[in-house]
Structure formats: structure tokens, C-alpha cells
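Take a look at the structure set out below.
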Amino acid sequence: EAGVTQSPRYAVLQEGQAVSFWCDPISGHDTLYWYQQPRDQGPQLLVYFRDEAVIDNSQLPSDRFSAVRPKGTNSTLKIQSAKQGDTATYLCASSGGGQDTQYFGPGTRLLVL
Amino acid sequence: QQQVRQSPQSLTVWEGETAILNCSYEDSTFNYFPWYQQFPGEGPALLISIRSVSDKKEDGRFTIFFNKREKKLSLHITDSQPGDSATYFCAARNTGYQNFYFGKGTSLTVIP
């Protein structure tokens, strides 16, 4: 069974540029999470979906961040105008079948100069 | 407010020793507590977990001790190996709500 895949693995931007991250969860998993993990900190939830519906996006900076999961499978997280404070690793995780276990992808490491 | 706290921030032990990682939480409705292991450049991976109805969970060299009254738990790694060197995250949630709260992690180094 393939794990959670993410792309790109790395991104380097100037402030004000836009970037998109892509996530392919484990097949059949209905719940998909996006986390931000600043250096030397734990993951912090940005948004999560059940199927195509957003369940909680209260921690997503809505003025610059957006996330979609249109068919309830793959998902895209976009930063419209990146700031230096967005420098972090962006992790995608999925879970399914009502189980508690989350499976994480390898993450996308973003550096905003 | 930090919902989940971990200590120490970093820990160094010799090979063969027992490493003890601590975690505490704020919300008394949390009832599921996974520990994740993360190596540099990788995403976190589930190591072991416990539910609040239990006070102990063992899996090989890894044991969670849980104290519901004090809202504390600890991860004990016995016979520590250099390959255990990683960052360990304690997380918590109420299973009625799928949001997980993570601590800031403990960086463990095992010296051969």
C-alpha cells in the first residue's frame, strides 16, 4: 500500500510569491489534514477535510492560504503571497475507516527569503 | 494556550539506558494519546498510542504510562539504541473531534 505522497519536496520563494503544495493521501482514506511545522516545533493543524468538505479551517490564515480537496482524494494547499514567517515544513496526513491513526507524508520544506 | 506540553526539550542517553520523555495536557476531555517519532527530513510516524481508559501500554521497548488524574503521561524507551535518535512528539485529541494537538517535541540522542 502506497503511503501519503507530497510534492514538491522543497520550495524556495521570495516574499510575495505564490506557491502550491500537492498531497495524495492513502487510497480510501476519507480524512485529510494539512499541518504547518515550524523548525524545532510540533505540527500545527491548518485545515482538515472529510471527503471533499472542510471540517475545520479555523487555523488557516484565510487572507493568504487556501486549501481544496475537490473530489475527496488529492488536495492542494496554496499560499497566495508568501511571507518570511511562512517558512516551515508543510505536512499532509490522512486517516480512514474511523481509525485514529494518522499517516503522514514526507512534507514540503518551504523557505521564504 | 499550549494544549500539550513536553519535557525535556532535548535528552541524551547512553546506549542501553532507559530514556524517559514526559508529556502533559490541558483538556480533560482528551482521550487518545499517540506518540510519533520523526527523523530529519521525514514526516512523523506513529510509534505507540494509548487511550484514557488504560494506564499503561507496552510495545516492545516502548511503554506509555498514563495518569489521568494528573493529566500526565510518559514514554519510556528501554535499552535505548542509536537508531532511536529522533524527535518524539506527544499528541492528544478527543475522539469525538478529529483535531490533534501536538507538543513541541523532545529531541532524543542515544550515544553508542
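Throughout, protein chains are lettered first and strands after them, A, B, ... in sequence-line order, and every chain is numbered starting at 1.
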Worked check of side-chain contact (heavy atoms from CB on, under 4.5 Å) between Lys104(B) and Asp40(A): CA-CA 7 Å; Lys104(B) 292 186 176 183; Asp40(A) 297 330; over 6 Å; no

query: Would Tyr36(B) and Gln102(A) count as a side-chain contact (heavy atoms from CB on, under 4.5 Å) if you check the C-alpha gap in whole Å, the side-chain angles of each, and the deciding distance to 0.1 Å?
result: CA-CA 10 Å; Tyr36(B) 286 86; Gln102(A) 290 184 93; 3.5 Å; yes

query: Run the side-chain contact (heavy atoms from CB on, under 4.5 Å) check on Phe89(B) and Gln37(A) step by step: do they pass?
result: CA-CA 12 Å; Phe89(B) 292 100; Gln37(A) 185 177 23; 3.3 Å; yes

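Among all heavy-atom pairs drawn from Asp100(A) and Phe100(B), the shortest one is O-CZ, 3.3 Å.
Considering CG of Leu91(A) and CD of Glu42(B), their distance stands at 11.5 Å, rounded to 0.5 Å. To the nearest 0.5 angstrom, Tyr103(A) atom OH is 7.5 Å from Leu46(B) atom CG. To the nearest 0.5 Å, atom CZ of residue Phe102(B) and atom OH of residue Tyr35(A) are 4.5 Å apart.
Contact annotation for Arg9(A): only side-chain heavy atoms (C-beta onward) come within less than 4.5 Å of a heavy atom of chain B. In this structure, the portion of Asp56(A) lying under 4.5 Å from any heavy atom of chain B is its side chain and not its backbone. The part of Gln38(B) that comes within reach of chain A is its side chain, from C-beta onward, which places non-hydrogen atoms under 4.5 angstrom from that chain.
Most heavy-atom pairs under 4.5 Å with chain B: of the set Ala93(A), Cys92(A), Pro43(A), Gly105(A), this distinction falls to Pro43(A). Note on Gly105(B), Ser49(B), Pro44(B): by heavy-atom pairs under 4.5 Å with chain A, the leading option is Pro44(B).
Val13(B) and Ile77(B) fall within a single hydrophobic cluster, where Ile, Leu, Val, Met, Phe, Trp and Tyr are joined by side-chain heavy atoms under 4.5 Å apart, directly or via other members. Clustering ILVMFWY residues whenever any of their side-chain heavy atoms sit less than 4.5 angstrom apart, transitively, puts Val54(A) in the very cluster that holds Leu60(A). In the hydrophobic cluster analysis, where Ile, Leu, Val, Met, Phe, Trp and Tyr join through side-chain heavy atoms closer than 4.5 angstrom, Tyr48(A) is grouped apart from Phe30(B). Under the 4.5 Å side-chain contact rule for hydrophobic residues, Leu13(A) and Leu77(A) share a cluster. When hydrophobic clusters are built by joining Ile, Leu, Val, Met, Phe, Trp and Tyr residues whose side-chain heavy atoms come closer than 4.5 Å, directly or via intermediates, Phe33(B) is grouped together with Ile48(B).
Within a 6.0 Å radius of CD in Glu70(B), more than 12 heavy atoms belonging to other residues, nucleotides or ligands are found. Shown here is Gln59(A), whose CD atom has no more than 12 heavy atoms of other residues, nucleotides or ligands within 6.0 Å.
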